[in-house]
Amino acid sequence: MSTFLQLGVPQRFVKRLDDRGITAPFEIQAATLPDGIAGFDVCGKAPTGSGKTIAFGLVLAVRLRKSKPGRPGGLVLVPTRELAIQVAKEIALLCQGTDLRVAMVYGGAGYGPQVRAVRGASIIVATPGRLEDLIERGDVSLGSVTIAVLDEADRMSDMGFLPAVRRILRALPKQRQILLFSATLDGDISQVVKEFLNDPRRHETKTEEAEPDIEHKFWLVNRNDRIETVAQMTNHYERIILFCRTKHGCDRVAKQLAVAGVKSSVIHGNKSQAQREKSLEEFRRGRSNMLVATDVAARGIHIDDVPCVVHFDPPAEYKDYIHRSGRTGRAGSTGVVVSLVDPSQRRSVSRLARDAGVEPDFGSPELEVSARESLRVRPGSLGGVLLAVSRG
Ligand code: ADP
Ligand code: MG
């Protein structure tokens, strides 16, 4: 087992990692840091929660020097605002003690503060849309970027992002290093790799220490009984992230949960940046027990100690199953993933789970209703079908 020092990380960075309790490199870090620090292009594939942020963040922190105003030397592309914030925070920690400043660039917030931050930054962590805006306005140039990172690269390579990602990568200088990290490296990513990476070093790990220890459950629950089931689950799991297919679905579920006595926070693309951060903060601090989210909003988000993820609606594709499920069992802790499956969805969910590498075993909900809880019907509430759980 190598140390950060042996992997080529200078002592002063190692000491600061140590101060934060990060003493032994995770497997993906051990695999990619030597090549990254040596300046090679890198493709890293590792499960969620395996420490990819520090794997690329250290390369930026170690290799970059302070850059000229508006001309960052480092660029990290991420799919969502929340991830931009999370990744920027981590990189800023890694850069402590250097003169490297990190700026966040994402949509749904004012330009002023971002423009000012970008001017003094050597590293920009950005979602593609807003970055292109700032380039167009002349606030930032990519002409001095020497290291670019694609985080969540599979998502960055899908139809929604690919055109913008291509334009951005084309605007980079020819002499540059590209690091690409993802939980999956198949499909459209290979195109991006072929077009933009130069003889990349590939590393794939199935990390032992951070391999998510996740139990996958598939409960057959009629569509109309899902809220009741979820409400009961809050007696078993202190914190739950619940995924819905649509923004509208998230809002509806949150309302129905409220009727059932469960406080939840909602996060999806129609919410303002301020609302989304407030929701995350509420959930992080335990002021709500449930985070109700769409796939896009929760992409890559790391929240410590989430014991349970619920697929309230089945995900659209197997990759979403993997990403949603990866919100629990992070960094070596254990987690439970529950899919609520209407009997009519059994076949499609089976196929999707198998594609995600999980053999589904369908059964009824494993929830003991304690004697102190009784179920009662609230006539007329939300169409008269909602069962509310009352406690005490
Ligand atoms: P990924 O991007 O692979 O899904 P993250 O980069 O979000 O994973 O890391 C998950 C968690 O693991 C974070 O809380 C991070 O601080 C922690 N972590 C990363 N590397 C180490 C390490 N070497 N030792 C201890 N904790 C680590
Ligand atoms: Mg990540």
Side-chain angles (χ1 to χ4, degrees), residues 1-9 13-34 36 42-62 76-96 102 104 125-127 149-157 179-185 189 203-214 241 280 284 295-306 309 319-320 322-335:
M1 181 83 184
S2 42
T3 63
F4 280 111
L5 203 58
Q6 288 166 336
L7 297 171
V9 180
F13 293 97
V14 175
K15 163 137 198 342
R16 275 187 296 272
L17 285 169
D18 220 70
D19 291 343
R20 292 168 57 200
I22 298 172
T23 48
F26 280 174
E27 197 179 335
I28 190 65
Q29 295 158 1
T32 58
L33 276 169
V42 171
C43 286
K45 172 182 167 181
T48 52
S50 58
K52 295 188 283 295
T53 317
I54 290 179
F56 61 75
L58 272 175
V59 175
L60 294 164
V62 169
V76 182
L77 290 178
V78 295
T80 64
R81 317 176 248 203
E82 284 73 19
L83 198 54
I85 294 169
Q86 187 175 301
V87 167
K89 277 186 185 156
E90 177 63 59
I91 295 177
L93 284 174
L94 297 172
C95 289
Q96 267 174 11
V102 184
M104 301 181 270
V125 181
T127 57
V149 179
L150 271 187
D151 191 19
E152 302 276 334
D154 64 326
R155 177 97 172 95
M156 303 307 291
S157 309
L179 311 171
L180 184 149
F181 281 86
S182 180
T184 50
L185 279 183
I189 295 190
H203 297 281
E204 186 176 322
T205 66
K206 300 192 178 71
T207 332
E208 277 285 300
E209 70 257 276
E211 170 99 38
D213 182 2
I214 296 178
I241 299 184
L280 269 182
R284 278 211 172 94
D295 290 282
V296 152
R299 188 83 179 191
I301 286 295
H302 177 86
I303 299 173
D304 283 328
D305 304 322
V306 175
V309 162
K319 285 183 197 166
D320 294 327
I322 295 172
H323 278 283
R324 287 172 167 195
S325 304
R327 296 315 105 207
T328 183
R330 311 263 310 157
S333 61
T334 61

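Whatever order the structure lists them in is the order used to number ligands and atoms, beginning at 1.
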Next item on the list: Take Val87 and Phe56 through the test side chain to side chain contact (heavy atoms under 4.5 Å, CB included) and record every step on the way to the result.
Entry: CA-CA 10 Å; Val87 167; Phe56 61 75; 4.0 Å; yes

Next item on the list: Determine, stepwise, if the pair Leu180 / Leu185 fulfils side chain to side chain contact (heavy atoms under 4.5 Å, CB included).
Entry: CA-CA 9 Å; Leu180 184 149; Leu185 279 183; 3.6 Å; yes

Margin query: side chain to side chain contact (heavy atoms under 4.5 Å, CB included), that's the test. Do Val76 and Val102 meet it? Break it down for me.
Written below: CA-CA 10 Å; Val76 182; Val102 184; over 6 Å; no

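Contact atoms of ligand 1 toward Thr48: 4 (O) (distance under 4.0 Å to a heavy atom of the residue). The ligand atoms of ligand 1 that sit less than 4.0 angstrom from a heavy atom of Ala24 are 22 (C), 23 (N), 24 (N). Atom numbering of ligand 1 starts at 1 in the shown order; those under 4.0 Å from a heavy atom of Lys52 are 1 (P), 2 (O), 3 (O), 4 (O), 6 (O), 8 (O). Close contacts between ligand 1 and Pro47 involve ligand atoms 3 (O) [criterion: under 4.0 Å to a heavy atom]. Ligand-side atoms of ligand 1 in range of Ile54: 19 (C), 20 (N), range being under 4.0 angstrom from any heavy atom. Short contacts between ligand 1 and Ser50, defined as distances under 4.0 Å to a heavy atom of the residue, involve ligand atoms 1 (P), 3 (O), 8 (O).
A salt bridge links Glu90 and Arg20; the closest N-O separation between the charged side-chain nitrogens and carboxylate oxygens is under 4.0 Å.
Between Gly49 and ligand 1, an N or O atom pair is found at a separation short of 3.5 Å. For Ile22, no nitrogen or oxygen atom sits less than 3.5 Å from a nitrogen or oxygen atom of ligand 1, counting backbone and side chain alike. Geometrically, ligand 1 and Pro25 share no nitrogen or oxygen pair separated by less than 3.5 Å. Residue Arg20 places no N or O, backbone or side chain, under 3.5 Å from any N or O of ligand 1. Checked by distance only, ligand 1 and Gln86 stay at 3.5 Å or farther apart across all their nitrogen or oxygen atoms. Looking at ligand 1, you'll find an N or O of Thr53 within less than 3.5 Å of one of its N or O atoms.
Once rounded to the nearest 0.5 Å, the distance linking CG of Leu17 with CG of Leu5 reads 11.0 Å. Taking OG1 of Thr53 as the reference point, atom CG of Leu94 lies at 9.0 Å (rounded to 0.5 Å). The line from NZ of Lys319 to CG of Asp295 is 13.0 Å long, rounded to the nearest 0.5 Å.
No heavy atom of Ala46 sits closer than 4.0 Å to any atom of ligand 1.
Ile85 and Met104 get closest at one heavy-atom pair: CA-SD, 3.5 Å. Minimum interatomic distance between His323 and Ala183 (heavy atoms only, all atoms of both residues): CE1-CB, 4.4 Å. Shown here for Pro79 and Asp151, the closest heavy-atom pair between the two residues is CD-O, 4.1 Å.
At a heavy-atom cutoff of 4.0 Å, ligand 1 is contacted by no atom of Ala55, backbone or side chain. With a heavy-atom cut-off of 4.0 Å, Ala183 does not touch ligand 1 at all.
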